[in-house]
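Proteins get letters first, then strands, A, B, ... in listed order; numbering begins at 1 in each. Being a predicted model, the structure only gives us computed values, none of them experimental.
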Protein chains: 2
Amino acid sequence: MMKNKITLKELAKLLNVSVSTVSKALNDSSEISPKTIERVKELAALHNYRPNPVAVNLKSSKSGTIGVVIPNISNNFFAKVLSGIEAKAQQEGLQVITYISNESLEREKQITDMLTSGFVDGVLIAISEATHRARNYDHIFGILEYEIPVVLYDRINIDVPVDKVGIDDEKSFAEATNLLISKGIKKIGLASGIHHLGVGKLRIKGYESALAEGMESMIAASSRKQVLIDGIHDILVNKKVEAVLCTDFESAMRVYRMAYENNIRIPEDLKMIGFLPKNVARFLTPSISYIEQFPEEVGKNAMQMLIDRLNGKLLSDKSTEKIINTELVHLESTVF
Amino acid sequence: MMKNKITLKELAKLLNVSVSTVSKALNDSSEISPKTIERVKELAALHNYRPNPVAVNLKSSKSGTIGVVIPNISNNFFAKVLSGIEAKAQQEGLQVITYISNESLEREKQITDMLTSGFVDGVLIAISEATHRARNYDHIFGILEYEIPVVLYDRINIDVPVDKVGIDDEKSFAEATNLLISKGIKKIGLASGIHHLGVGKLRIKGYESALAEGMESMIAASSRKQVLIDGIHDILVNKKVEAVLCTDFESAMRVYRMAYENNIRIPEDLKMIGFLPKNVARFLTPSISYIEQFPEEVGKNAMQMLIDRLNGKLLSDKSTEKIINTELVHLESTVF
DNA sequence: CTGAAAGCGCTTACAG
DNA sequence: CTGAAAGCGCTTACAG
């Protein structure tokens with residue numbers, strides 16, 4: 001049994017009325033008599049009529065789709081942001097078109113180029129690492145020139161006048177550092193594989209700003225594997241830090257491995273707090289205290305902001321910014 | 001500087017030619033003189049003309065978009081499948097609309113309902129756990145009734161006559177079991193949090209079929225947390241298995257934790273092999289031997305298959321199936 | 001080689 | 001209350 005898609009025209013012919021009448025009836029126009037509305041709807045239901053969304057889009061010059069640009073979908077944080085975006089979009093009857101930049105500026109430019117070709121009503125984007133490094137945001141401005149609203153999420157520490165939704169990166173590490181200090185810990189180190197990114201910088205800034213008088217800042221940071229490992233070795237084994245904060249998954253796992261290989265016991269010899277996915281943090285041996293983020297909330301809020309922008313609910317000459325708070329979750333690595 | 005989108009009509013007026021001529025010129029029609037083609041293209045480039053994709057779609061009754069249904073985007077396997085799909089789509093100039101079912105049959109039905117409303121040219125779907133449990137595939141057949149091609153990926157062990165791309169789940173665990181046997185291990189157990197899913201069943205089947213004469217099948221399997229934990233305790237602590245295969249992330253992490261808590265040393269007392277993301281497996285202490293899958297390949301192949309189907313390159317009365325092979329990667333947990 | 005016309009499937013001012 | 005007409009932005013047979 002093949003369902004051939006039925007059109008307005010065909011319905012009209014079957015009903016012996018005009019296409020306009022059918023269209024209006026289906027849209028509950030007050031111009032049409034209740035009786036006709038009923039007849040039309042009945043037949044439409046019988047044939048499982050659905051308006052062709054492409055045609056509707058052409059008339060309304062809206063597509064009902066949102067473009068979402070993701071730097072790296074393997075990063076669980078971004079995967080969950082997407083999940084939040086998709087949930088919100090679903091509620092609002094919007095379609096989400098996904099683009100993955102793989103942290104590449106080149107690819108990101110291709111994507112923004114597609115985005116301006118008129119398919120999407122709005123854009124949610126976390127810029128790629130490469131874009132951040134190059135500080136080249138021309139293609140973002142390019143989208144704006146087409147009057148397509150843009151909301152930046154997570155990686156928002158850049159100077160582009162658009163709406164933004166982010167994480168309290170700086171505060172999270174300031175508070176973690178303060179907590180360790182309050183427990184009498186003096187030698188606190190930090191490891192980072194993302195010190196070159198905005199979020200990395202903010203986390204490091206939070207750590208440094210919270211260090212008390214006379215406390216040394218000890219940072220192992222590199223985006224190159226071996227340099228990072230050597231740096232971690234230095235602060236764990238040579239400098240013998242008593243606690244270490246990790247800004248990202250990779251640095252956390254390398255610290256964890258390094259401690260294991262050098263018989264540094266967690267938490268006895270070393271306290272540890274990191275940005276880690278809950279699922280991994282809980283199951284490690286020992287489990288690692290982590291900063292819980294709420295990526296779905298980031299996604300939902302970014303989508304909501306975009307919707308508000310599209311509906312003209314936000315002031316047109318001013319961009320808004322929203323910060324989603326994190327929470328420090330204590331597990332075995334910070335048992336005192 | 002605002003770029004107002006320019007249309008064919010406007011270009012035509014500026015050039016003092018007809019809309020048809022402009023359209024043909026831009027499409028390099030042989031009907032049009034080289035000189036006109038050049039003039040038209042020049043002005044189009046100057047104004048950065050891009051055809052309105054919605055209008056093109058309406059004419060061609062194709063949308064250039066593919067719907068992808070993902071059960072759970074937090075699962076790194078699916079995230080990477082999406083990455084492969086997106087990469088292929090990008091190459092082919094197709095847009096990917098993402099839908100997340102959250103393993104819910106209800107949600108999946110809503111999604112398939114949207115999919116049939118005429119937006120997408122084809123569908124890639126991994127059915128949800130709930131769908132699998134309920135064995136309710138009516139909504140999948142529903143898509144087919146609209147003549148929208150469907151390709152199943154990963155969770156393909158169901159009786160629906162469509163193209164499929166999967167993983168060699170059964171073989172992977174059969175080979176892992178054989179390897180352990182060849183090393184003289186007698187007591188091999190298995191842990192699973194996904195025994196109710198097709199992929200879980202296949203992995204378990206592979207394990208059981210490979211067990212040698214007289215070897216006992218020892219399985220801890222449940223989708224309920226505490227039952228799974230108790231089961232793992234039983235095979236590790238009471239039955240004292242010498243090796244354990246884990247079908248999924250959660251069961252692997254629980255085995256890993258359970259061994260740690262009961263002073264069972266890996267690999268001295270217990271060998272371990274599991275389906276784990278590379279990134280986690282490598283960093284654990286000790287690192288855990290894992291079955292490497294190639295989710296991007298699954299995604300790319302599924303997308304390619306769909307494209308072939310759309311282009312009529314596949315036989316219309318027969319569905320194809322492709323299996324992507326896995327690889328066992330030895331790390332510290334299987335040092336003999 | 002160029003252009004007028006029809007049409008993809010819808011919506012909506014306007015006329016009756 | 002109903003319908004004819006115009007139009008969203010494009011493509012493509014057909015006529016000239």
Distance-only donor-acceptor pairs under 3.5 Å for side chains of residues 68-85 of chain A, two or more places apart:
{"from": "A:N72", "atom 1": "OD1", "to": "A:S74", "atom 2": "N", "distance (Å)": "2.9"}
{"from": "A:N75", "atom 1": "OD1", "to": "A:F77", "atom 2": "N", "distance (Å)": "2.9"}
{"from": "A:N76", "atom 1": "ND2", "to": "B:S74", "atom 2": "O", "distance (Å)": "3.1"}

Quiz item: Can you name the side chain to side chain contact (heavy atoms under 4.5 Å, CB included) partners of B:A134, sequence neighbours left out?
Solution: B:L105, B:N136
Quiz item: If the sugar-phosphate is the primed atoms plus P, OP1 and OP2 and the base is the rest, what is the B/S/- string for nucleotides 6-13 of chain C, using protein heavy atoms under 4.0 Å?
Solution: -BBBBBBB
Test salt bridge (Lys or Arg N to Asp or Glu O under 4.0 Å) applied to [X] - qualifying residues, sequence neighbours left out:
X	answer
B:K13	none
B:K24	B:E31
B:K9	none

Quiz prompt | Stems involving DNA chain D, each a run of at least 3 consecutive Watson-Crick or G-U pairs under 3.5 Å | solution =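 Stem segments, range with range: C:1-3 with D:14-16, C:5-12 with D:5-12, C:14-16 with D:1-3.
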Self-check item: Where at least one partner belongs to residues 37-49 of chain B, residue pairs that pass salt bridge (Lys or Arg N to Asp or Glu O under 4.0 Å), sequence neighbours excluded
Solution: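 Counting only pairs at least two positions apart or across chains, the salt bridge (Lys or Arg N to Asp or Glu O under 4.0 Å) contacts touching residues 37-49 of chain B are B:D28-B:K41.
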Quiz item: Just wondering, do B:V165 and B:E297 contact through their side chains at under 4.5 Å, heavy atoms?
Solution: no
Self-check item: Atom-to-atom span, CG of B:N16 to P of C:dA4 - whole angstrom
Solution: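 To the nearest whole Å, that distance equals 12 Å.
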Practice problem: Measure the distance from CG on B:L26 to C1' on C:dG3 and round it to the nearest whole Å. | Solution: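 So the two atoms are 16 Å apart, to the nearest Å.
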Taking distance alone, no hydrogens or angles, what donor-acceptor pairs closer than 3.5 Å link side-chain atoms of residues 87-96 of chain B to residues at least two apart or in another chain?
{"from": "B:K88", "atom 1": "NZ", "to": "B:Q304", "atom 2": "OE1", "distance (Å)": "3.0"}
{"from": "B:Q90", "atom 1": "OE1", "to": "A:R107", "atom 2": "NH1", "distance (Å)": "3.4"}
{"from": "B:Q90", "atom 1": "OE1", "to": "A:R107", "atom 2": "NH2", "distance (Å)": "3.3"}
{"from": "B:Q90", "atom 1": "NE2", "to": "A:Q110", "atom 2": "OE1", "distance (Å)": "2.8"}
{"from": "B:Q95", "atom 1": "OE1", "to": "A:Y99", "atom 2": "OH", "distance (Å)": "2.4"}

Quiz item: Which of residues 34-45 of chain B sit near DNA chain C, with a heavy atom under 4.0 Å from it?
Solution: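 Only B:P34, B:T36 qualify.
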Exercise. Considering only atom P, compute the distance from D:dT2 to C:dG9 and round it to an integer number of Å.
Key: 25 Å
Quiz prompt | Partner residues of A:E129 under the side chain to side chain donor-acceptor pair (under 3.5 Å) criterion, sequence neighbours left out | solution =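 Checked A:E129 against side chain to side chain donor-acceptor pair (under 3.5 Å); matches are A:R133, A:H196.
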Self-check item: Pairwise side-chain hydrogen bond (donor to acceptor under 3.5 Å, both in side chains) hits with a residue in residues 53-62 of chain A, at least two apart
Solution: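 Of all non-adjacent pairs touching residues 53-62 of chain A, none passes side-chain hydrogen bond (donor to acceptor under 3.5 Å, both in side chains).
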